[in-house]
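Have a look at the structure below, then the notes.
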Amino acid sequence: MAVYLGQKAPGFLVNTTKGPLSLENYKGNWVILFSHPADFTPVCTTEFMAFARRYDEFKKINTELIGLSVDSIYSHIEWMKNIKEKFGIEIPFPVIADINKDVAREYNMMDEKTGSTVRGVFIIDPNMIVRLMIYYPAETGRNIDEIMRTLKALQMNWDRKLAAPVNWQPGNDGIVSAPGTLDEAINREKNGSKTWYLTYEAVR
Ligand code: BEZ
């Protein structure tokens, strides 16, 4: 099976560093599911620490983080312990031990040549629909600011039906969806839009 934008996120019941986890239990929350190539690797370690530092910020906007790799639960536990000991950072979110590669294959996170997961990010909305998919190269760490920005853009769309223009940042104006009638189009310009198909709206 492949995963597509706009599709229902494939469900899973898995073993994690925080115990068993079912995706179903996250209904009503935004979820960031992210895969990493391997435990005890330098780039992944920086990413885990960066996600952990911003965990409360994600929680505040109703968003749960879930990590995943094909490493075992014991490997994950030892890596989390090591990060705490060496860097003083506790990883507060669950990390899936996908040793059978079931979730990785379902979400197209597998590099079948190496047998490892790729550096993938999936944002799943509160209705459990996949809203974003990004893949990064193994040698390049994710940009957490960009993941946060895109999540907030999706949440603006969810709350206000506004789209995010190029280089949008939280607090910037959103874009209203296109008018459906000629009258509405004419009104948009009368009300100050430069052209009928591009109308900004302030977000407060
Ligand atoms: C890393 O996280 O450092 C890494 C993982 C896989 C390949 C290259 C780098």
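Order of appearance sets the numbers: ligands from 1, and atoms from 1 within every ligand.
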### Summary
By ring-ring contact (aromatic ring centres under 6.0 Å, His included), Trp168 pairs with (sequence neighbours left out) none
### Query
For Asp173, which residues count as a side chain to side chain donor-acceptor pair (under 3.5 Å) partner, sequence neighbours excluded?
none
Under 3.5 Å: N or O atoms of ligand 1 paired with protein N or O:
unit_1	atom_1	unit_2	atom_2	d
ligand 1	2 (O)	Thr41	OG1	3.1
ligand 1	2 (O)	Val43	N	3.2
ligand 1	2 (O)	Cys44	N	2.9
ligand 1	2 (O)	Arg119	NH2	3.2
ligand 1	3 (O)	Pro42	N	3.3
ligand 1	3 (O)	Val43	N	2.8

### Task
Could you tell me which residues satisfy side-chain contact (heavy atoms from CB on, under 4.5 Å) with Thr117, sequence neighbours excluded, listed by chain and number?
Ser35, Leu68, Ser69, Val70, Ala104, Met109, Met110
### Query
Once you round to the nearest 0.5 Å, how far does CD1 of Ile123 lie from CG of Leu33?
11.0 Å
### Query
Would you call Asp145 and Arg54 a salt bridge, using N to O less than 4.0 angstrom?
yes
## Note on the structure
Shortest non-hydrogen pair, Val3 vs Tyr107, comes out as CG1-O, 3.6 Å
